[in-house]
Amino acid sequence: MFTSIKSRLIIWYLSTFSLVFTGLGIFLYYELEGIAMDSIDSHLHSEVQFLASFLREEEKQGHWGDELIELSTAAVGEYAISLSGHYYQLVSQNGKIIARSPSLAIAGASLPFKGELPAPSYKIIIGPGNEPLRMMTQSFKLSAGTVTIQAADTLKETYYLLRSFNNIILTIFPIAFIILGVGIFMITGWSFKALNNFSRKIRQITEKNLNERVESQGMETELKPLAEGFNIMLGHIEDAFAKQRQFLLDASHELRTPTSVIKSYCDVTLKKARGEIEYKEALTVIKDTSEKMASLIQKILDVAGLESKEVLLKKETVDIGSILSNIYKLMLPIAEENNIEIFLEDDKKIELPGDKERITELFINLVDNAIKYNRKGGTVIISSNIKNGFAVITIADTGIGIPEKDSSKIFDRFYRADKSRGEVKGAGLGLSIVKAIIEAHKGTIEVASTVGTGSAFKVMFPLA
Ligand code: ADP
């Protein structure tokens with residue numbers, strides 16, 4: 001029912017407020033009542049004690065009878081005014097009223113007497129003037145017999161005070177409740193307005209305006225990190241989109257050349273009737289070009305597949321030594337063809353969990369590059385080692401080297417250093433495949449290179 005944070009907040013706040021305020025009101029009411037009663041009781045107590053000690057004293061002096069008359073007539077102040085709400089009366093042990101304050105006597109009234117009570121007893125009664133009274137009763141043993149002294153004071157003022165307190169509380173409560181409720185409603189409204197603006201802004205962002213950002217300046221402190229985090233995420237998405245777009249452009253660009261070669265060969269050949277040799281030549285070119293195209297498409301699919309999701313690798317124990325030695329044997333004829341010497345230095349057995357096919361593919365790429373970008377009479381050294389829990393495999397060459405400005409970009413898709421473009425064939429995808437395979441194995445690759453001297457690609461795989 002209350003699914004919004006705003007309504008929950010308001011309900012929680014107002015119910016807590018009502019509970020605390022009502023509890024506090026009830027507590028204060030009873031505290032106040034207790035204080036007022038205590039003060040009346042202590043007044044009644046001293047009144048009764050005073051009368052008792054007065055009687056004892058007079059009894060000692062033998063003025064007992066006169067004194068009773070005096071108590072009934074000579075009282076002053078509130079005790080002398082008829083039904084003033086301030087009374088006392090003395091009752092003998094046979095239940096007869098032997099003296100009472102003029103405030104009772106004038107009106108011919110008395111306080112209710114229910115028998116002797118040796119300990120002081122307090123109770124609330126309805127007095128002769130129909131008003132609420134607090135009455136104290138206590139009996140005292142005198143030589144003339146037991147005398148019960150009763151004193152009572154009106155509770156009118158006390159009840160009036162409590163009623164006023166009640167009224168104040170009952171007036172303040174709804175006002176405070178309304179003010180607080182409206183306040184919370186407005187504050188939550190303001191806060192959530194910012195959130196609403198924020199979500200409206202998010203909804204407007206599509207792939208067409210990914211460069212837009214949410215304005216976090218002037219935003220509520222609590223929302224700022226959300227906006228900033230969202231902007232960072234937008235940045236990542238924008239980069240990914242840009243890379244994707246570039247990839248598409250580069251891929252189509254790369255595929256355009258072989259496609260036009262095939263098309264123009266077909267056009268030229270089909271223009272007129274040709275001899276068998278000419279057809280053969282044309283078909284050979286078309287076959288070679290479509291093979292290159294197929295290999296390029298395979299590479300593109302490889303890169304896209306390797307980078308787009310968690311690569312599903314066949315995990316097995318891979319013997320790096322045997323992979324490198326197979327690659328060495330495979331590449332030896334190609335190296336010889338290019339007048340390049342190739343060496344394999346691996347004296348330690350290295351085994352690690354991985355995908356044998358993919359790891360073979362990555363080292364073929366690196367060795368192939370080391371031959372491709374080498375010089376006549378140059379060398380390629382394949383070496384492997386174990387260092388700090390890592391298998392370290394280095395492919396070093398004595399080739400053209402990589403300019404510093406290019407060394408961080410050569411792992412990007414379709415990137416080729418300027419010098420390689422014209423002179424050596426390639427699509428610029430090999431190293432991005434290499435990097436993706438290494439990363440899928442939680443490994444790293446580094447390159448150290450000097451232009452004109454050579455390059456060394458260092459691959460590191462965690463052994464465990
Ligand atoms: P390709 O070889 O098809 O161009 P790669 O992704 O394998 O694509 O390499 C990207 C670029 O990195 C190459 O074009 C080249 O400029 C540079 N490169 C790679 N390996 C070497 C190397 N061993 N020596 C010099 N340059 C290299």
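Numbering of ligands and ligand atoms starts at 1, following listing order. Because the structure is predicted, anything quoted here is derived from the model rather than measured.
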Within-shell test, Phe457 vs ligand 1, heavy atom, strictly < 4.0 Å: yes
Hey, does Ala427 sit under 4.0 Å from ligand 1 if you only count heavy atoms? yes
For ligand 1, which atoms have a heavy atom of [X] less than 4.0 angstrom away?
X: Lys372; result: 1 (P), 2 (O), 3 (O)
X: Gly428; result: 1 (P), 3 (O), 4 (O), 6 (O), 8 (O)
X: Leu429; result: 6 (O), 8 (O)
X: Ile402; result: 25 (C), 26 (N), 27 (C)
X: Tyr415; result: 10 (C), 11 (C)

Do any side-chain atoms of residues 450-464 form donor-acceptor pairs under 3.5 angstrom with protein atoms, and if so which ones, sequence neighbours left out?
from, atom 1, to, atom 2, distance (Å)
Ser455, OG, Ser449, OG, 2.9

Under a plain distance cut-off of 3.5 Å, with no hydrogens placed, do Asn374 and Thr398 share a side-chain donor-acceptor pair?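 Side-chain D/A pair, Thr398 to Asn374: present.
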Which pairs of donor and acceptor atoms, one on a side chain in residues 22-32, lie under 3.5 Å apart (sequence neighbours left out)?
from, atom 1, to, atom 2, distance (Å)
Thr22, OG1, Ser18, O, 2.5

Assign the ring pair Phe177 / Phe17 to parallel, tilted or perpendicular, where the plane angle (0 to 90°) is split at 30° and 60°.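 Aromatic pair Phe177/Phe17 classed tilted.
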Measure Asp397 to ligand 1 on non-hydrogen atoms and call it side chain, backbone, both or neither using the 4.0 Å cut-off. side chain
